[in-house]
Every structure is written in C-alpha cells, then in structure tokens.
Engineer: 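One structure coming up, written as structure tokens, with questions to follow.
Just so you know, residue 1 is the first one in the sequence shown, and it goes up from there. What you see is a predicted model, and the numbers here were worked out from it, not measured in a lab. Atoms considered below: every heavy atom in the structure, side chains included; atoms not considered: hydrogens, waters and symmetry mates.
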Amino acid sequence: MTQEHDGETRGWSAARKGVWSRLRFTSLRLRLVVVFGLVALTAAVSASGIAYWLNRESVLTRTQDAVLRDFEQEMRNRAGALPKRPTQDELQRTAGQMANSSQRFTVLLVAENPDGRTVYGSSGGLNGFSLRDVPVSLREAVTERQKITSNNKYPHHLYWQRIVDDDTPYLVAGTRVIGGGPTGYMLKSLEPEAKDLNSLAWSLGIATGLALIGAALLAHAAATTVLKPVQRLGVAARRLGEGKLDTRLRVSGTDELADLSRTFNKAAEALEKRVADMAGRDEASRRFVADMSHELRTPLTAITAVTEVLEEELDSEGGGIDPMIEPAVRLVVSETRRLNDLVENLMEVTRFDAGTARLVLDDVDMSDQITACIDARAWLDAVDLDAERGIHARIDPRRLDVILANLIGNALKHGGSPVRVSVREDGAEGAGDGGAVVIEVRDHGPGIPEEVLPHVFDRFYKASASRPRSEGSGLGLSIALENAHIHGGEITAANSPEGGAVFTLRLPRDVSARSASEKDGETGDEGAEGA
C-alpha cells in the first residue's frame with residue numbers, strides 16, 4: 001500500500017513538473033496568444049463601438065425627426081386653428097387630437113383664456129405631462145422672442161432636448177404658434193429605441209467575445225505551427241550538447257524554419273565530423289605515446305642495468321672510472337634515471353587516458369602507509385608526520401603511494417623544510433557512507449604564485465618559461481590528481497596564510513562502497529526516467 005502511494009506521489013510530482021515545464025517552455029506561445037488577443041480585442045471593440053455609435057445616431061435621429069416633424073405639423077394645423085385666447089376645454093380637446101397622431105406622443109398646450117388667466121390643456125390628464133416636466137432651459141428658449149432678420153424670418157422656433165427620467169429616455173420639444181396663440185410642448189418616450197440599442201450593444205459584445213475567442217484559438221494554432229519546429233530544434237540542441245552528435249532534424253518545407261533546420265543539420269554534421277577527426281587524432285596520439293613508451297622500455301632496461309654498474313663503479317673505492325669522464329658518467333646515470341621515470345609516467349598517463357587504469361583495493365592504516373612512503377625515500381629527517389594510528393581506509397596502496405610521493409617530493413623540491421604531513425577524518429555530508437580521509441602536505445617555502453595556482457596540475461606545465469628544464473617530468477602532480485580522481489577523491493592546492501604551499505588530498509574511506517552506491521544511484525535514476 002505504501003509503495004502504491006509513493007508511486008502515485010511520484011507520478012503526481014512528475015505530472016506537475018511536466019505542466020510547469022510546458023508553461024515555462026511555452027512562454028513565447030502565451031505571448032503570441034496574448035498579442036493576438038489584444039489585437040483582436042482592439043479591432044473588435046473599435047468596430048463594435050463605431051457600429052453602435054452609427055446605429056445609435058441613425059435610430060435616434062430617424063425617430064426624432066419623424067416625431068418633431070409630426071409635432072410641428074400638428075401645431076401648425078390644430079393649435080394654429082385655435083383662437084388667440086382659447087378656453088380650457090378647447091385646449092384640452094386640441095391636445096387630445098394632437099396626441100392621436102401617428103407618433104403617439106403626449107402634448108401640453110399653454111395659453112391665456114379670454115379672462116387673461118393661463119390655462120393648460122394636456123393629453124395625459126391632470127396627473128400627466130405638465131410644465132414641470134419641461135426643462136427650464138427649453139421653456140426659456142421657446143418663450144424667448146427672436147429678432148427678425150433676413151436670415152431669421154420668424155420670432156419663434158421649434159426646440160428639442162433629450163432627457164432621462166427614471167432610467168427612461170425621453171424627447172421633449174416645444175414651440176409657439178406664429179402670429180399669436182398657444183405654446184405647445186411634446187413628450188415622446190424613446191424606450192423602444194433604447195431597448196433596440198441595448199439589444200444591439202449585447203449583440204456587438206457577444207460578437208466581440210466570439211472574435212476574441214476565435215483570435216485566441218487562431219493564435220494558439222499559429223503558435224503551435226510556428227513553435228513546434230523551434231521546440232524540436234531545442235530538443236535536438238540539448239541532445240547535441242549531451243554528446244549525441246548523430247542528432248538530426250527532419251526538414252520539410254521551404255520557409256525560414258526549414259532553412260534553420262537545414263543549417264542545424266549541416267552544423268551538427270560538421271561538428272560530428274570534426275569531433276570524430278579530433279577523437280581519431282587523439283586516439284592515434286595516445287597510441288603513439290603508449291607504443292613509444294613500450295618500445296623505449298626494452299632499451300631503457302638495458303641502459304639502466306649498465307648505468308647501475310657504472311654507478312657502482314663510481315661509488316666504489318679505487319674504482320676504475322677515469323676522473324676526466326666521471327662527470328659525464330654521473331650525467332648519464334642521472335639522465336637515464338630521469339628518462340626511465342618519464343617513460344613510466346607516460347605509460348601511466350596513457351592508461352588514464354585510455355580508461356584502463358584499475359584499482360587494487362586493500363584495507364590500510366593511513367599512518368603506516370604514509371610512514372612507509374616517507375621511509376622508502378629516506379625523507380624521515382625532512383618530514384614531520386602528524387597522523388594518529390587507527391585511521392583506516394579501503395584504497396589502492398600503490399596509487400596512494402604514488403600520490404604521496406609526488407606531493408611530498410614536490411614540497412621538498414620546490415618548498416621549504418620542514419614539510420608537515422597531517423591526517424584527519426572527515427565525516428562531512430557528501431564524503432560517502434564511511435566519511436573521508438583528508439591528508440594535508442604543507443611546506444614552509446615562498447608559496448605558489450597566484451598566476452601558477454590554476455595550472456599546477458596541468459601536464460608538462462612549467463612555472464617559469466625561462467626554465468623549461470627541471471629534474472622532474474612535469475607529470476607528477478597530474479598523475480597524482482588522476483590517481484585521486486580514480487579513487488573518487490580530489491586534490492587542491494593553496495597558499496597558507498602562515499606562509500608556504502598546502503596540498504590537500506581528500507579520499508573516501510571506502511572506495512568500493514562509494515562505487516556501489518554510485519551504480520545504485522545510476523540504476524535508480526534510469527528507472528525513474530523510464531517510469
């Protein structure tokens with residue numbers, strides 16, 4: 001049950017990571033969709049706004065002109081037929097007749113009766129349309145007498161105004177009978193036209209929404225079409241970066257993306273060919289060095305045997321070496337030894353490069369191992385050892401001896417005595433299940449120049465270009481670093497604040513356990529990826 005739950009959790013986590021990955025990789029897609037949507041929204045809103053405004057003006061103007069024309073005609077025919085001082089009944093009857101016109105508006109007539117009193121006649125009854133419903137500005141404009149000129153032949157004109165009462169739009173108009181007579185006002189509801197315009201606005205809004213959705217779908221389809229080759233190109237580039245140089249893209253079409261794919265394929269092909277050529281030359285170079293080193297070992301063995309005899313003659317009392325040639329003999333012995341070391345180092349380097357170097361593990365006491373290394377080279381008087389017995393590690397003793405010999409010998413040769421070697425245990429995280437062993441080799445010399453520090457482990461590197469020749473081969477520290485790496489360890493070089501150089505060797509205490517855990521981790525990763 002727990003395994004099933006863990007599997008579901010891992011599956012959900014992988015799905016969530018996949019979603020976030022797609023969101024991250026499709027940011028350009030989202031931007032395209034947003035841009036398409038904004039363009040479509042702007043175009044649709046602009047078109048809808050213009051269409052609504054034109055239709056609104058057309059509907060209102062048409063209705064307004066018809067109502068005003070009918071009202072003006074009714075005022076001329078019916079209100080104009082009234083006497084200058086009509087009675088209340090005459091005004092009421094005429095207002096009702098005017099309201100029965102084709103436009104069906106409400107009429108209010110205002111006049112003075114024969115007694116000089118102001119009387120009103122409304123088609124809406126006593127509680128209907130009244131003078132209070134007419135805006136003051138409109139009443140003032142209607143009652144104001146205009147000056148008669150050549151351009152203005154009448155003292156009174158028809159005026160109108162749109163108002164809103166209880167969220168209902170109305171058209172209010174007023175005029176006065178020319179030559180004396182009643183003043184007439186008209187009220188027409190524009191609610192039907194407002195409903196038609198609201199329906200039009202909803203229709204345009206729905207059309208805008210549909211246009212926006214269509215634009216988003218179109219943008220998504222277009223982005224998918226455009227970005228799919230780009231995504232394939234990204235995947236191919238990652239595979240190429242992982243070293244899969246045979247990666248190629250399927251090319252179809254003649255557009256810019258197809259040209260980009262062709263360019264990628266050509267670049268990948270050229271890179272694969274170049275890497276293959278370089279690998280071939282590198283392999284040939286390593287094979288040449290290995291063959292050369294191997295071929296040199298046979299004559300070197302004979303030469304070494306002869307030089308050992310010569311060295312014995314030099315060291316013996318009353319030897320038969322001519323004093324005149326003694327310096328030359330000593331030089332031959334020294335250079336033969338140096339050449340022999342160089343050949344051995346070259347063969348060791350070729351084994352590392354070819355990946356054939358193997359570990360022969362054994363449980364060793366680090367203190368005993370370091371003491372044996374120092375004693376074998378007669379360095380006991382020049383080296384201070386600070387190592388407690390009982391610090392064990394499962395490593396390759398021969399390769400550890402090579403590392404220590406190179407580090408201590410380098411400190412004695414280029415640093416200053418005394419050389420101090422200290423050993424400690426380190427259980428820090430990442431050092432393996434059994435922790436690590438840290439060995440520090442410190443000298444009391446001038447230290448390593450800052451510009452030299454990044455290159456101390458480079459092969460054949462010389463700290464001074466003016467001194468290309470030295471007693472060593474220039475491969476010692478490089479071989480020491482390779483031996484540390486094959487153990488899963490590391491060597492670092494630095495300058496001590498108290499003076500002198502410090503080389504720090506860090507090795508896992510159990511190389512075999514570390515290798516097994518790495519294999520298990522690789523298997524687990526592959527299983528998770530496959531799932």
Engineer: How long is the gap from CE on Met75 to OG1 on Thr94, to the nearest 0.5 Å?
Structural biologist: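 Taking CE in Met75 and OG1 in Thr94, the distance rounds to 10.5 Å.
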Engineer: Mind checking the OG-CD spacing from Ser101 to Gln73? Nearest 0.5 Å is all I need.
Structural biologist: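 Reported to 0.5 Å precision, the distance equals 9.0 Å.
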Engineer: Compare every heavy atom of Ser478 with every heavy atom of Phe457, then report the nearest pair and how far apart it is.
Structural biologist: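 In this case the closest contact between Phe457 and Ser478 is O-CB, 3.5 Å.
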Engineer: Salt bridge or not between Arg506 and Glu490? Use side-chain N to carboxylate O under 4.0 Å.
Structural biologist: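 A salt bridge is absent here (no side-chain N lies under 4.0 Å from a carboxylate O).
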Engineer: Testing the basics here: between Ser496 and Val502, what is the closest heavy-atom pair and its distance to 0.1 Å?
Structural biologist: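 Minimum heavy-atom separation between Ser496 and Val502: CB-CG2, 3.6 Å.
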Engineer: Heavy atoms only: give me the nearest Leu505-Ala484 pair and the separation to one decimal.
Structural biologist: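 Minimum heavy-atom contact is CD1-CB, 3.9 Å.
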Engineer: Output yes when Arg248 and Glu269 qualify as a salt bridge under the 4.0 Å nitrogen-oxygen rule, no when they do not.
Structural biologist: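 Salt bridge between Arg248 and Glu269, a charged N being under 4.0 Å from a carboxylate O: no.
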Engineer: Are Glu440 and Arg424 close enough for a salt bridge, meaning some N to O gap below 4.0 Å?
Structural biologist: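 Salt bridge present between Glu440 and Arg424.
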Engineer: Do you know the tightest heavy-atom contact between Val437 and Ala393?
Structural biologist: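 For Val437 and Ala393, the tightest heavy-atom pair comes out as CG2-CB, 4.2 Å.
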Engineer: Supply the atom-to-atom distance Leu481 CG to Ile403 CD1, rounded to the nearest 0.5 angstrom.
Structural biologist: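 These two atoms lie 9.0 Å from each other.
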Engineer: When rounded to the nearest 0.5 angstrom, what is the spacing between OG in Ser123 and CD in Gln97?
Structural biologist: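 Result: 11.5 Å between the selected atoms.
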Engineer: Crowded around Asn100 CG? As in, over 12 foreign heavy atoms under 6.0 Å?
Structural biologist: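 Enclosed.
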Engineer: Do Leu109 and Met98 have side chains that approach each other closer than 4.5 Å (heavy atoms only, starting at C-beta)?
Structural biologist: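 In contact.
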Engineer: Does a side-chain heavy-atom distance below 4.5 Å link Val456 with Ile448?
Structural biologist: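 The answer is yes, as the side chains (C-beta and beyond) meet within the 4.5 Å cut-off.
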Engineer: Any donor and acceptor pair, going by atom type alone, linking the side chain of Asp396 with main-chain N or O of Val360 inside 3.5 Å?
Structural biologist: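 Answer holds: yes.
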Engineer: Side chain to side chain contact (heavy atoms under 4.5 Å, CB included) between Arg238 and Leu240: does it pass, once the steps are laid out?
Structural biologist: CA-CA 5 Å; Arg238 284 192 296 274; Leu240 198 64; over 6 Å; no
Engineer: Using side chain to side chain contact (heavy atoms under 4.5 Å, CB included), reason through Asp246 and Glu272 one step at a time and then give a plain yes or no.
Structural biologist: CA-CA 7 Å; Asp246 58 342; Glu272 184 180 18; 4.1 Å; yes
Engineer: Check whether the side chains of Asn113 and Thr87 place a donor and an acceptor atom closer than 3.5 Å, and report yes or no.
Structural biologist: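 The criterion, which ignores hydrogens and geometry beyond distance, is not satisfied for Thr87 and Asn113.
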Engineer: Pair up each side-chain donor or acceptor in residues 177-194 with any protein partner under 3.5 Å, not counting sequence neighbours, and list the distances.
Structural biologist:
unit_1 : atom_1 : unit_2 : atom_2 : d
Lys188 : NZ     : Gln103 : O      : 2.6
Ser189 : OG     : Glu191 : N      : 3.3
Glu193 : OE2    : Thr63  : OG1    : 3.3

Engineer: Could you tell me whether the side chain of Leu138 reaches within less than 4.5 Å of the side chain of Trp160, counting heavy atoms only?
Structural biologist: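 Counting from C-beta outward, Trp160 and Leu138 never come under 4.5 Å.
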Engineer: Is there side-chain contact between Arg176 and His157, with heavy atoms separated by less than 4.5 Å?
Structural biologist: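 Side-chain contact under 4.5 Å: no.
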Engineer: Is there a donor-acceptor pair under 3.5 Å between the side chain of Asp133 and the backbone N or O of Ser130?
Structural biologist: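 Judged by distance alone, yes, a pair lies under 3.5 Å.
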Engineer: Closest approach of Pro135 and Ile163, non-hydrogen atoms and distance?
Structural biologist: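 Nearest pair, atom of Pro135 first, then Ile163: CG-CG2, 3.8 Å.
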Engineer: To the closest 0.5 Å, what do you measure between CG (Asn483) and CG (Leu507)?
Structural biologist: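 The CG atom of Leu507 is 10.0 Å from CG of Asn483, to the nearest 0.5 Å.
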Engineer: Taking only residues two or more places apart in sequence, or in another chain, which ones meet His455 in a ring pair (Phe, Tyr, Trp, His ring centres under 6.0 Å)?
Structural biologist: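 Result, ring pair (Phe, Tyr, Trp, His ring centres under 6.0 Å) vs His455: Tyr461.
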Engineer: Looking at Arg69 and Glu74, is there a salt bridge between them, counting it only when a charged N and a carboxylate O are closer than 4.0 Å?
Structural biologist: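 Not counted as a salt bridge, because no side-chain N and carboxylate O are separated by less than 4.0 Å.
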Engineer: Looking only at non-hydrogen atoms, find the nearest pair between Pro86 and Val119 and report the distance.
Structural biologist: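 Looking at all heavy atoms of both residues, the shortest contact is O-CG2, 4.1 Å.
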Engineer: Salt-bridge test for Arg262 and Asp259: reply yes if a basic N is under 4.0 Å from a carboxylate O, no otherwise.
Structural biologist: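 A salt bridge is present here (some side-chain N lies under 4.0 Å from a carboxylate O).
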Engineer: Check Val172, Val110, Leu131 against Arg139 for a side chain to side chain contact (heavy atoms under 4.5 Å, CB included) and give me the one that passes.
Structural biologist: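 Exactly one candidate clears the test, Leu131.
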Engineer: Determine, stepwise, if the pair Asp165 / Tyr170 fulfils side chain to side chain contact (heavy atoms under 4.5 Å, CB included).
Structural biologist: CA-CA 7 Å; Asp165 187 15; Tyr170 291 94; 3.8 Å; yes
Engineer: Hey, could you give me the OG1/CZ distance between Thr492 and Phe503, rounded to the nearest 0.5 Å?
Structural biologist: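 Thr492 OG1 to Phe503 CZ: 9.0 Å, rounded to 0.5 Å.
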Engineer: Find out whether Leu158 and Leu68 are in side-chain contact, i.e. whether some heavy atom of one side chain is under 4.5 Å from a heavy atom of the other.
Structural biologist: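 They are in side-chain contact.
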Engineer: Using modelled atom types and a 3.5 Å cut-off, is there a donor and acceptor pairing between side-chain atoms of Asn265 and backbone atoms of Leu249?
Structural biologist: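 Pair found, side chain donor or acceptor close to backbone of Leu249.
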Engineer: Please tell me if the side chains of Arg85 and Arg117 come closer than 4.5 Å, counting only heavy atoms from C-beta onward.
Structural biologist: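 They are not in side-chain contact.
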Engineer: Determine, stepwise, if the pair Leu91 / Leu82 fulfils side chain to side chain contact (heavy atoms under 4.5 Å, CB included).
Structural biologist: CA-CA 8 Å; Leu91 282 178; Leu82 290 171; 3.9 Å; yes
Engineer: Do Val107 and Ser122 have side chains that get closer than 4.5 Å, going by heavy atoms?
Structural biologist: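 Heavy-atom side-chain distance check fails, nothing below 4.5 Å.
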Engineer: Are Asp70 and Phe105 side-chain neighbours, meaning at least one heavy-atom pair lies under 4.5 Å?
Structural biologist: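 Asp70 vs Phe105: side chains touch.
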